[in-house]
Amino acid sequence: QVQLEESGGGLVQAGNSLRLSCAASGRTFSSHTMAWFRQAPGKERQFVASVWWGSGAVYYADSVKGRFTISRDNAKNTVYLQMNSLKPEDTAVYYCAAKYIGIWVPMTTPGEYDYWGPGTQVTVSS
């Protein structure tokens with residue numbers, strides 16, 4: 001059974017950085033697209049970034065491009081989201097998601113993903 005567990009959220013001031021981790025277990029993820037989404041109160045879940053575990057190909061939402069970096073560690077079965085130059089509008093619950101797929105496809109819609117973690121809160125104060 002696939003399990004995803006996020007960690008690393010917290011309260012930071014604008015301009016600072018955080019690194020989120022997503023520990024994945026239950027299967028081999030070499031043919032999976034892994035992604036980060038976020039959801040602010042009263043808003044829909046929003047795509048942030050995705051990575052294909054096999055090749056490391058990545059894709060970002062325009063709102064985070066140049067500030068956030070997604071990466072994966074094969075040995076630790078963990079996906080990371082390095083968030084720099086944080087803004088108050090980055091405040092949200094951040095979710096890790098996974099989808100088995102044999103080729104690289106960015107997939108930016110929540111409904112395309114099969115597995116989700118419980119989420120971790122990120123709060124950026126101004």
Side-chain angles (χ1 to χ4, degrees):
Q1 182 175 347
V2 173
Q3 287 191 319
L4 305 175
E5 185 73 31
E6 305 93 341
S7 61
L11 171 64
V12 295
Q13 287 190 325
N16 285 351
S17 300
L18 273 178
R19 188 177 79 159
L20 304 183
S21 299
C22 172
S25 62
R27 68 190 311 170
T28 301
F29 290 90
S30 58
S31 296
H32 283 69
T33 291
M34 307 294 293
W36 288 96
F37 286 79
R38 65 187 181 186
Q39 189 166 18
K43 295 190 176 181
E44 293 186 349
R45 195 164 295 191
Q46 176 188 44
F47 172 78
V48 175
S50 60
V51 59
W52 192 37
W53 208 299
S55 68
V58 298
Y59 186 76
Y60 296 96
D62 288 342
S63 59
V64 306
K65 203 172 293 183
R67 299 189 298 125
F68 290 10
T69 302
I70 189 171
S71 62
R72 87 273 189 249
D73 185 324
N74 292 340
K76 295 183 178 179
N77 248 22
T78 300
V79 176
Y80 302 99
L81 184 68
Q82 177 67 44
M83 305 186 295
N84 298 329
S85 301
L86 282 162
K87 305 175 182 180
E89 51 263 44
D90 294 319
T91 295
V93 177
Y94 282 70
Y95 297 93
C96 178
K99 167 71 175 182
Y100 172 80
I101 187 166
I103 59 172
W104 165 236
V105 178
M107 295 190 296
T108 62
T109 305
E112 296 177 286
Y113 288 83
D114 297 324
Y115 305 102
W116 292 86
T120 186
Q121 176 71 47
V122 172
T123 303
V124 184
S125 63
S126 57

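Remember, predicted model here, so these are calculated numbers, not experimental data.
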* Are Asp90 and Arg67 side-chain neighbours, meaning at least one heavy-atom pair lies under 4.5 Å? -> yes
* Structure fact -> Rounding to 0.5 Å, atoms CZ (Arg45) and CZ (Arg38) come to a distance of 13.0 Å
Donor-acceptor contacts under 3.5 Å from residues 13-33 side chains, at least two apart:
residue: Ser17; atom: OG; partner: Asn84; partner atom: OD1; Å: 2.9
residue: Arg27; atom: NH1; partner: Tyr115; partner atom: OH; Å: 3.4
residue: Thr33; atom: OG1; partner: Val105; partner atom: O; Å: 3.4

* Applying ring-ring contact (aromatic ring centres under 6.0 Å, His included), run through Phe37 and Trp116 and close with a yes or a no. => CA-CA 10 Å; Phe37 286 79; Trp116 292 86; 5.1 Å; yes
* Structure fact -> Tightest non-hydrogen contact, residues Ala98 and Met34, listed as CB-SD, 3.5 Å
* Structure fact -> Sorted by chain and number, sequence neighbours left out, side-chain contact (heavy atoms from CB on, under 4.5 Å) with Ser55 holds for Trp52, Ala57
* Just wondering, do Tyr95 and Val48 contact through their side chains at under 4.5 Å, heavy atoms? -> no
* Asked: Are the side chains of Ser50 and Glu112 in touch, meaning some heavy atoms are under 4.5 Å apart?
  -> no
* To do: Check Val79 against Trp36 and note the closest heavy-atom contact, atom names and distance.
  => CG1-NE1, 3.7 Å
* **Shortest non-hydrogen contact between Trp53 and Asp73, atoms and distance** => CZ2-O, 4.0 Å
* Asked: Any ion pair linking Lys65 and Asp62 (charged N to carboxylate O, less than 4.0 Å)?
  -> yes
* Structure fact -> Heavy atoms of Phe68 and Tyr60 approach each other most closely as O-CE2, 3.3 Å
* **Side-chain (Tyr113) to main-chain (Met107) donor-acceptor, under 3.5 angstrom** => yes
Less than 3.5 Å apart, which donor and acceptor atoms pair up between the side chains of residues 2-11 and the rest of the protein, not counting sequence neighbours?
residue: Glu6; atom: OE1; partner: Gly119; partner atom: N; Å: 2.8
residue: Glu6; atom: OE2; partner: Cys96; partner atom: N; Å: 2.8
residue: Glu6; atom: OE2; partner: Gly119; partner atom: N; Å: 3.2

* **Within one Ile-Leu-Val-Met-Phe-Trp-Tyr cluster: Val64 and Val93, side-chain cutoff 4.5 Å** => no
* Over 12 foreign heavy atoms within 6.0 Å of OH, Tyr80 -> yes
* Asked: With hydrophobic residues grouped by side-chain heavy-atom distances under 4.5 Å, do Ile101 and Trp104 end up in a single group?
  -> yes
* Asked: Any donor-acceptor pair under 3.5 Å linking the side chain of Thr91 with the backbone of Val124?
  -> yes
